[in-house]
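Everything numeric in this text was worked out from a predicted model, so none of it was measured. For the numbers below, each heavy atom of this structure counts, side chains included, while hydrogens, waters and symmetry mates do not.
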Amino acid sequence: MTEPPGAPDPGDPVDDPTAVFTAHRALLFTIAYEMLGSAADAEDVVQDVWVRWSGAAGDPDGEQIRHPRAYLARITTRLALNRLRTLSRQREDYVGPWLPEPLLTAPDLLDNVLLTESVSMAMLVVLETLTPRERAVFLLREVFGFDHDEIGVAVGCSAAAARQTAHRAREHVRARRPRFDPDPAALESAMAGFLGALGTGDLQALMDLMAPDVVLLSDGGGKRQAARRPLHGADPVSRFLLGVVAKNDPFRVELRSVNGAPGWLVHSADGLDSVVQLVVSDGRIAQVLFVRNPDKLAGAGTEHPLAR
């Protein structure tokens, strides 16, 4: 939770705007990225926040900023909301399934369970089904711990309306949230079997790893080969994956922390071809998330610090 009203942020050098902004930059990027699902757009928002912050914090006749964290989060939320509304209209015409821009994260992010789940690619797909305001309210309340009064100010509504929106968004997410297997060994085993079956072209072995209702989402953005609709079921998902491998052999996979969980960067002779991540539940592969849109891979070589 945020600091109580009337108390300045402990340890914040409020007389040094640059130091305050730097201390909160990872938080602001995380808010913007979870709102937008795009690292590039999140960076643009953070830069705009800096411009506004440096002007406000450096104006002796302007607003007295007693709570920098809440103030900066409020600016970030408003700017991200404006951008999200524009992006939402653009995504209505998106070719095929939409997946977030993959984000390389530090391996120790796994120690922060709440942040790891909220920034996961599977969760960001669920958040995409919320309205922009619901998404902002859900994140500010459930992930970043702001109270309803602060959230209301950030999104332009009363505290009571923020509370109602938070409840509605929470129920929506709970109904659609994917089930994650908490056992890292189960994920490691599924990933090893997945790579082995793809490498040998063994259809049955690949199918045996899948849950009966497995879903594959492949995002090519109309620029790379990808399924134009979600694929459901072990047989069609496995056949699609083996077909992609056959057309893109040889390739090299690099295991990295992607959006807080293990994932693969897949390299072909032409460079980074795709990012692949599995969601495992009850020891079986429940989701395959497969990003091939080259516009979303440009920043996949840069690790981003995240924070609550």
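- Rounded to the nearest 0.5 Å, atoms NE2 (His267) and CZ (Arg252) are 4.5 Å apart.
- Side-chain contact between Phe240 and Ser218: present, with at least one pair of heavy atoms (C-beta onward) separated by less than 4.5 Å.
- No side-chain donor-acceptor contact under 3.5 Å links Arg135 to the backbone of Leu81.
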Stepwise side chain to side chain contact (heavy atoms under 4.5 Å, CB included) check, Trp98 with Lys296: CA-CA 11 Å; Trp98 176 92; Lys296 295 186 177 183; 3.3 Å; yes
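- A donor-acceptor contact shorter than 3.5 Å links the side chain of Thr129 to the backbone of Val126.
- Atom CG of Leu231 is separated from atom CZ of Phe290 by 11.0 Å, given to the nearest 0.5 angstrom.
- Counting only heavy atoms from C-beta outward, the side chains of Leu187 and Pro262 approach each other to under 4.5 Å.
- Between Arg52 and Asp48, no side-chain nitrogen of the basic residue sits less than 4.0 Å from a carboxylate oxygen of the acidic one, so the salt-bridge criterion is not met.
- One finds a salt bridge joining Glu171 and Arg174 here, because a Lys/Arg side-chain nitrogen approaches an Asp/Glu carboxylate oxygen to under 4.0 Å.
- Both Leu27 and Leu72 are members of a single hydrophobic cluster when ILVMFWY side chains are connected at heavy-atom separations under 4.5 Å.
- Shown here for Ala39 and Glu101, the closest heavy-atom pair between the two residues is N-OE1, 3.2 Å.
- Within the 4.5 Å cutoff, the side chain of Ile31 has no heavy atoms near those of the Leu139 side chain.
- Once rounded to the nearest 0.5 Å, the distance linking CD of Glu303 with CZ of Arg256 reads 6.5 Å.
- Val291 and Tyr94 sit in two unconnected hydrophobic clusters of ILVMFWY residues. Membership requires side-chain heavy atoms under 4.5 Å apart, directly or through other members.
- Summarising the geometry of Ala122 relative to Leu289, their closest heavy-atom pair is N-CD1, 3.8 Å, with the distance given to 0.1 Å.
- Looking at heavy atoms from C-beta onward, Val258 lies in side-chain contact with Leu104 at the 4.5 angstrom threshold.
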Between His148 and Arg141, does a side chain to side chain contact (heavy atoms under 4.5 Å, CB included) hold up when you go through it step by step? CA-CA 7 Å; His148 294 108; Arg141 181 63 183 164; 3.7 Å; yes
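- In this structure the side chain of Leu217 never reaches within 4.5 angstrom of the side chain of Gln287, judged on heavy atoms.
- Within the 4.5 Å cutoff, no side-chain heavy atoms of Glu134 are placed close to those of Val173.
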Starting from the C-alpha separation in whole Å, work towards a yes-or-no answer on side chain to side chain contact (heavy atoms under 4.5 Å, CB included) for Asn259 and Thr105. CA-CA 6 Å; Asn259 288 67; Thr105 51; 5.5 Å; no
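- Formation of a donor-acceptor pair under 3.5 Å by the Arg292 side chain with backbone atoms of Ser274 is not found in this model.
- Linking ILVMFWY side-chain heavy atoms closer than 4.5 Å, directly or via other members, places Val288 and Leu195 in a single hydrophobic cluster.
- The two residues Arg91 and Leu36 have their closest heavy-atom pair at NH2-O, 2.7 Å.
- The nearest pair of heavy atoms linking Tyr33 to Pro100 is OH-CB, 4.1 Å.
- Distance alone, capped at 3.5 Å, is enough to place a donor-acceptor pair between the Gln277 side chain and the Ala261 backbone.
- Below 30°, between 30° and 60°, or above 60°: for His304 and Phe29 the angle between ring planes is below 30°, a parallel geometry.
- In terms of heavy atoms, Ser281 sits closest to Ala286 at CB-CB, 4.2 Å.
- Environment of CZ in Arg170: crowded, with over 12 heavy atoms of neighbouring residues, nucleotides or ligands closer than 6.0 Å.
- Formation of a donor-acceptor pair under 3.5 Å by the Asp273 side chain with backbone atoms of Ser268 is not found in this model.
- Taken to the nearest 0.5 Å, the OG atom of Ser158 stands 12.0 Å off from the CD1 atom of Ile151.
- With values rounded to the nearest 0.5 angstrom, Ile285 atom CD1 is found 9.5 Å from Met191 atom CE.
- Formation of a donor-acceptor pair under 3.5 Å by the Ser238 side chain with backbone atoms of Asp235 is not found in this model.
- Under the 4.5 Å side-chain contact rule for hydrophobic residues, Phe251 and Leu255 share a cluster.
- Proximity of a side-chain donor or acceptor of Arg308 to a complementary backbone N or O of Phe144 within less than 3.5 Å is not detected.
- His24 contributes atom NE2, which lies 12.0 Å from atom OG1 of Thr30 (distance to the nearest 0.5 angstrom).
- No side-chain heavy atom of Leu130 sits under 4.5 Å from any side-chain heavy atom of Arg168.
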Output, in order, the C-alpha distance, side-chain angles, deciding distance and verdict of side chain to side chain contact (heavy atoms under 4.5 Å, CB included) for Leu87 and Gln90. CA-CA 5 Å; Leu87 291 174; Gln90 294 174 354; 3.5 Å; yes
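- Annotation: side chain of Asn293 is not in contact with side chain of Arg224 (no heavy-atom distance under 4.5 Å).
- Put simply, the side chain of Trp53 gets close to the backbone of Pro17: a donor and an acceptor are under 3.5 Å apart.
- Within the structure, side-chain hydrogen bond (donor to acceptor under 3.5 Å, both in side chains) pairs that include any residue of residues 190-215 comprise Gln204-Asp208 (at least two apart or interchain).
- Under the 4.0 Å criterion applied to side-chain N and carboxylate O atoms, Glu43 and Arg25 are assigned as salt-bridge partners.
- Checked against the 6.0 Å centroid criterion, the rings of Trp264 and Phe194 qualify as a close aromatic pair.
- Taking each heavy atom of Leu242 and Gly201 in turn, the nearest pair found is CD2-CA, 3.8 Å.
- By the rule that hydrophobic residues join a cluster once side-chain heavy atoms approach within less than 4.5 Å of another member, Met123 and Val143 end up as members of one cluster.
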